[in-house]
Amino acid sequence: MHSDATVFTEMRFWGLVLCSLVLPTAIFIMLFVRREFSKVTVLGFGLLLILLAGVDIFLLRALATMARATPSLADDLVFSSALSIALYIFPAAFGTFGLNMVSHVLMHYLKQKELRFERHQVPQRQRPTGTPSRIRAPAVRRIRPQADGEEDSRPDESPGRGPRSRWLHASPGVRRRRGAVARPPSASRSS
C-alpha cells in the first residue's frame, strides 16, 4: 500500500491534469489566436497532441490501479468506476485532433508531390518528339473601342477593317454598353 491516503495528492494526478487540460488548452489557444503557422509548426502541434493523448491514457491506467489500493472512496469513484470512462474522452479527442492536423500536413505534402509528378509525366506522353513543349496562342491585337460616329485616329493596317470588325473584336462588356443585342447595327442583312 502507498503511504498516501488518496491519489489526488500524487504527482501522477497532477501530471494527468497538466497533460489533459493545461497543455492541450494552451495549444488550442495558440492555434486560434495566431494568424499564421508554418506546416512544420502544425505538424509539431499535431504530434504533441497525439503524444499528450498517449501520456493521458498511461496516467489514467496507473491512477486507476493506485486508486484501488488506497482506502479513499473518492479515488474509487473517479478512477475505478463507470465515471472513469468519461475521463478517456479528453485523450481521445485530443489524439483525434492531433491526428487530423498531422494528416492535413501530410495530405498537402502528398498533393504537391502528385502535382509535380503529373507536370513532369503528362507533357512527355502527349507531345511527339521535335515539337515545342508549350503551344502558344496567336497574338491578338487589342483595339480601343470606338464610339458610334467617332473616327479612328490610327491608320488601319488592313484595308477591310471597318466599324463591324471593331465591333466583333470588342469585348462582350463593350458590346453590352453600346446597346447591341445580337449583331452590330450596321450589319443588318436585307435579302
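Residue indices begin at 1 and follow the sequence shown.
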TODO: Take atom CZ of F97 as the centre, draw a 6.0 Å sphere, and report whether it contains more than 12 heavy atoms from other residues, nucleotides or ligands.
DONE: no

TODO: Write down the atom of L48, the atom of I27, and the distance for their closest heavy-atom approach.
DONE: CD2-CD1, 3.4 Å

Open item on the list: Please report the interatomic distance CG(L63) to CZ(F58), rounded to the nearest 0.5 Å.
Closed with: 9.5 Å

Open item on the list: Is there a path of hydrophobic side-chain contacts, each under 4.5 Å between heavy atoms, that joins F32 and L52?
Closed with: yes

Open item on the list: Tell me whether the count of non-hydrogen atoms from other residues, nucleotides or ligands lying under 6.0 Å of CZ in F90 goes above 12.
Closed with: no

Open item on the list: Test of understanding: with side-chain contact (heavy atoms from CB on, under 4.5 Å), list the residues that count as partners of Y88, not counting sequence neighbours.
Closed with: I57, L60, R61

Open item on the list: Looking at every heavy atom in both L18 and P24, which two are closest together, and how far apart are they?
Closed with: O-CD, 4.0 Å

Task: Nearest-0.5 Å distance that lies between atom NZ in K113 and atom CG in L110 - done: 9.0 Å

Open item on the list: Same cluster or not: Y109 versus V42, using hydrophobic residues (I, L, V, M, F, W, Y) connected whenever any side-chain heavy atoms lie under 4.5 Å apart?
Closed with: no

Open item on the list: Return the CD1 to OG1 distance between I89 and T96, rounded to the nearest 0.5 Å.
Closed with: 11.5 Å

Task: Inter-residue atom distance T65.OG1 - R12.CZ, 0.5 Å rounding - done: 9.0 Å

TODO: Could you pull out the closest heavy-atom pair between G46 and M101, with the gap in Å?
DONE: N-CE, 3.7 Å

